[in-house]
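Structure in structure tokens, see below.
Here the structure is a predicted model, which means the values were calculated and not measured. Side-chain atoms are counted along with the backbone in the values below, which use heavy atoms only and exclude waters and symmetry mates. Note that ligands are numbered from 1 as they come in the structure, with each ligand's atoms numbered from 1 the same way.
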Amino acid sequence: MPTHVAIIMDGNGRWARRQSLGRIEGHKQGRKAVETVVDTCREVGISYLTLYAFSTENWHRPVTEVRALMALLQRYLRSERQQMLEKNIRLRAIGDLQRLPAPVRAALEEIMEATRNNTGLTVCLALSYGAREEIVQAARVMALAVRNGQLDPQEITERTFARALWTTDIPDPDFLIRTSGEFRLSNFLLWQSAYAELYVTETLWPDFTRSEFLAALEVYQSRERRFGRTTEQRGLTSDLARVTRS
Ligand code: IPE
Ligand code: IPE
Ligand code: MG
């Protein structure tokens, strides 16, 4: 099982259009898929789930859609709070949270604090998130530390840099899923996904089910992660190894 699964939850708008509904209905429907995925992660023992819910670029959508998404997010947080406590879920968020409407931010911060010491699944919401922005702010943090004499430039390493990212103590994603058939990252976890296994499904986010998620996890298990090494070094007897030897 992957330790950390990250999902680009895409296709709400297209789902709604296919049902001749407004885009907002698609976002509303997407919530069910979130609950399904959260419960399945708990069931199969995944430790971290990161959900791309709103990107930096999504702020450029029509103001009515942005407002509706923020309202849905607030409603989601309010109604899921108790469940998160009962399910021992730890809530985290990554992104430029200062840009979120004050009531959303307040709800988010309150739940993050209340679930801080939970030991079950960590659910990390990427909100107002952009990977390039995350990397730039990390560079800024490091530059300030150097200027203040707290950091020697020699101490800027992959490890210390990663600690300055919003994901600071969250391990890199092992498995990155994108729904709705788009083969791109859309500014999601660019640093952290360096060695993530990628999986794209045509299914639109509101239609993403438990069985489809389990099927995706099975695909993950069939992948050979070499991290730049050879199959022999990994000590695996995969098909590839057999082919290479013969
Ligand atoms: C994903 O669905 C949700 C967000 C980006 C907030 P979309 O709204 O992008 O749906 P499509 O891509 O238009 O179908
Ligand atoms: C990526 O989806 C962001 C989220 C799922 C929150 P988009 O729909 O915004 O991505 P593009 O515009 O198709 O690249
Ligand atoms: Mg989209």
Side-chain angles (χ1 to χ4, degrees), residues 4-38 41 48-80 91-101 103-105 107-108 123-136 165-167 170 173 175-193 196-209 212-213 216:
H4 181 179
V5 175
I7 306 183
I8 302 176
M9 310 184 288
D10 198 15
N12 295 350
R14 276 161 282 174
W15 182 91
R17 188 153 31 134
R18 280 185 202 171
Q19 327 274 323
S20 309
L21 297 168
R23 295 181 56 82
I24 312 302
E25 288 306 312
H27 297 313
K28 278 189 193 158
Q29 198 66 27
R31 181 175 161 172
K32 291 209 183 87
V34 170
E35 281 159 29
T36 302
V37 164
V38 166
C41 282
Y48 297 85
L49 172 68
T50 297
L51 298 170
Y52 202 9
F54 193 85
S55 73
T56 306
E57 290 74 23
N58 289 151
W59 287 114
H60 297 123
R61 290 194 179 191
V63 65
T64 47
E65 181 167 345
V66 172
R67 274 207 204 117
L69 279 165
M70 291 301 145
L72 283 172
L73 178 59
Q74 199 178 336
R75 203 181 308 164
Y76 168 79
L77 291 170
R78 198 178 302 154
S79 66
E80 283 302 299
L91 186 72
R92 287 278 309 260
I94 50 172
D96 183 3
L97 306 182
Q98 298 304 318
R99 270 184 94 172
L100 297 173
V104 173
R105 205 170 65 229
L108 196 59
V123 174
C124 176
L125 299 179
L127 295 168
S128 186
Y129 176 86
R132 286 186 168 181
E133 194 178 332
E134 178 185 36
I135 292 167
V136 167
L165 295 170
W166 289 321
T167 46
I170 297 175
F175 194 35
L176 197 164
I177 297 173
R178 182 165 190 154
T179 57
S180 89
E182 238 72 74
F183 284 79
R184 56 175 171 262
L185 292 173
S186 301
N187 205 10
F188 187 47
L189 299 177
L190 298 182
W191 170 286
Q192 298 87 339
S193 296
E197 291 296 325
L198 309 180
Y199 181 90
V200 174
T201 169
E202 287 293 327
T203 304
L204 304 174
W205 177 248
D207 290 330
F208 195 70
T209 57
E212 174 143 17
F213 187 30

Go through the steps for Glu182 and Arg14 under the test salt bridge (charged side-chain N to carboxylate O under 4.0 Å, His left out), then give the verdict.
CA-CA 12 Å; Glu182 238 72 74; Arg14 276 161 282 174; 3.0 Å; yes
Taking all non-hydrogen atoms of both residues into account, name the closest pair between Arg184 and Ile8 and its distance.
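Heavy-atom minimum between the residues: O-CD1, 4.0 Å.
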So what's near the Mg ion (ligand 3), protein N, O or S atoms under 2.8 Å?
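Listed by chain and number, the nearby protein N, O or S atoms are Asp10 OD1.
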If only side-chain N and O atoms count, and only distance matters, is there a donor-acceptor pair under 3.5 Å linking Arg31 with Ser79?
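Yes, because at least one side-chain N or O of Ser79 sits under 3.5 Å from a partner of the opposite role on Arg31.
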Parallel, tilted or perpendicular: which fits the ring planes of Phe213 and Phe208, with parallel below 30° and perpendicular above 60°?
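Rings of Phe213 and Phe208: tilted, 30 to 60°.
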Among all protein heavy atoms, pick the one closest to atom 6 (C) of ligand 1 and tell me residue, atom and distance.
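Protein heavy atom with the smallest distance to atom 6 (C) of ligand 1: Ala53 O, 3.4 Å.
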How does Phe54 reach ligand 2, by side chain, by backbone, by both or by neither, if only non-hydrogen atoms under 4.0 Å count?
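Phe54 to ligand 2: backbone contact only, side chain stays beyond 4.0 Å.
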Considering heavy atoms of the protein only, find what lies nearest to atom 12 (O) of ligand 1 and give residue, atom and distance to 0.1 Å.
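Sorting protein heavy atoms by distance from atom 12 (O) of ligand 1 puts Arg14 NH2, 2.7 Å first.
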So, 4.0 Å and heavy atoms of Arg178: is ligand 2 close enough to count as a contact?
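In this structure, Arg178 qualifies as a contact of ligand 2 - some heavy atom is under 4.0 Å.
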Hey, is His27 one of the residues with a heavy atom under 4.0 angstrom from ligand 1?
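Per 4.0 Å heavy-atom rule, His27 contacts ligand 1.
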Just go through Val66, Asp10, Leu72 and tell me whose heavy atom is the nearest to atom 7 (P) of ligand 1.
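The residue whose heavy atom sits nearest atom 7 (P) of ligand 1 is Asp10.
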Identify the heavy atoms of Gly30 and Asn12 that sit nearest to each other, and give their distance.
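What the structure gives for the nearest pair is CA-OD1, 4.3 Å.
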Among all protein non-hydrogen atoms, which one is nearest to atom 10 (O) of ligand 1, and what is the separation to 0.1 Å?
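Going by distance alone, atom 10 (O) of ligand 1 is nearest to Gly13 N, 2.9 Å.
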Rounded to the nearest 0.5 Å, what separation is found between the CG atom of Leu73 and the OG atom of Ser128?
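One gets 11.0 Å once the value is rounded to the nearest 0.5 Å.
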Ligand 2 contact on Ala126 by region, counting heavy-atom pairs under 4.0 Å:
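Neither part.
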Any idea which protein heavy atom is nearest atom 13 (O) of ligand 2, and the distance to it?
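Of the protein heavy atoms, Arg184 NH2, 2.8 Å lies nearest.
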For ligand 1, is any non-hydrogen atom under 4.0 Å from Glu182's backbone (N, CA, C, O), its side chain (CB onward), both, or neither?
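It is neither part, as no heavy atom is under 4.0 Å.
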Begin from the C-alpha positions of Glu25 and Lys28 and carry the test salt bridge (charged side-chain N to carboxylate O under 4.0 Å, His left out) through to its verdict.
CA-CA 5 Å; Glu25 288 306 312; Lys28 278 189 193 158; 3.3 Å; yes
Look at the rings of Trp59 and Phe54 and say which category their plane angle falls in: under 30° parallel, 30 to 60° tilted, over 60° perpendicular.
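It falls in the perpendicular class, over 60°.
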Check ion pair Arg132-Glu57 (N to O, under 4.0 angstrom)
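Salt bridge absent between Arg132 and Glu57.
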Is there a heavy atom of Gly11 sitting under 4.0 angstrom from any atom of ligand 1?
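Per 4.0 Å heavy-atom rule, Gly11 contacts ligand 1.
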So, for Gly11 and Leu204, which heavy atoms are closest and what is the spacing to 0.1 Å?
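Residues Gly11 and Leu204, closest heavy atoms: O-CB, 3.8 Å.
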All ring-ring contact (aromatic ring centres under 6.0 Å, His included) counterparts of Trp15, not counting sequence neighbours
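ring-ring contact (aromatic ring centres under 6.0 Å, His included) list for Trp15, sorted by chain: empty.
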So which heavy atom on Ala16 is nearest to which on Gly22, and how close?
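Scanning both residues completely, I find the closest heavy atoms to be CB-O, 3.1 Å.
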Of the non-hydrogen atoms in Tyr129 and Tyr52, which two are nearest, and what is the gap between them?
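That closest heavy-atom pairing would be O-OH, 3.2 Å.
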Give me the nearest non-hydrogen protein atom to atom 14 (O) of ligand 2 as residue plus atom name, then the distance to 0.1 Å.
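Checking every protein heavy atom, the shortest distance to atom 14 (O) of ligand 2 gives Ser186 OG, 2.6 Å.
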Looking at ligand 2, is there an atom of it that comes within less than 4.0 Å of some heavy atom belonging to Glu57?
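Per 4.0 Å heavy-atom rule, Glu57 does not contact ligand 2.
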Which atoms of ligand 1 sit under 4.0 Å from any heavy atom of Arg23?
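What qualifies from ligand 1 is 7 (P), 8 (O), 10 (O), 13 (O).
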Has ligand 1 got any nitrogen or oxygen that is less than 3.5 angstrom from a nitrogen or oxygen of Asn58?
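Not met; the criterion fails.
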Ligand 1 contact by Arg61, heavy-atom criterion under 4.0 angstrom:
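It does, in that a heavy atom of Arg61 comes within the 4.0 Å cut-off of ligand 1.
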For a quick test of reading the model, state the closest non-hydrogen atom pair linking Ala131 to Leu189 and the distance between them.
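Looks like CB-N, 3.7 Å.
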Does Met9 reach ligand 2, in the sense of a heavy atom lying below 4.0 Å from it?
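Contact check Met9 vs ligand 2: positive.
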Less than 4.0 Å is my threshold; does some heavy atom of Ala16 fall inside it relative to ligand 1?
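Heavy atoms of Ala16 never come under 4.0 Å of ligand 1.
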Determine whether Leu108 and Leu127 satisfy the following criterion, side chain to side chain contact (heavy atoms under 4.5 Å, CB included), listing intermediate values before the conclusion.
CA-CA 10 Å; Leu108 196 59; Leu127 295 168; 3.7 Å; yes
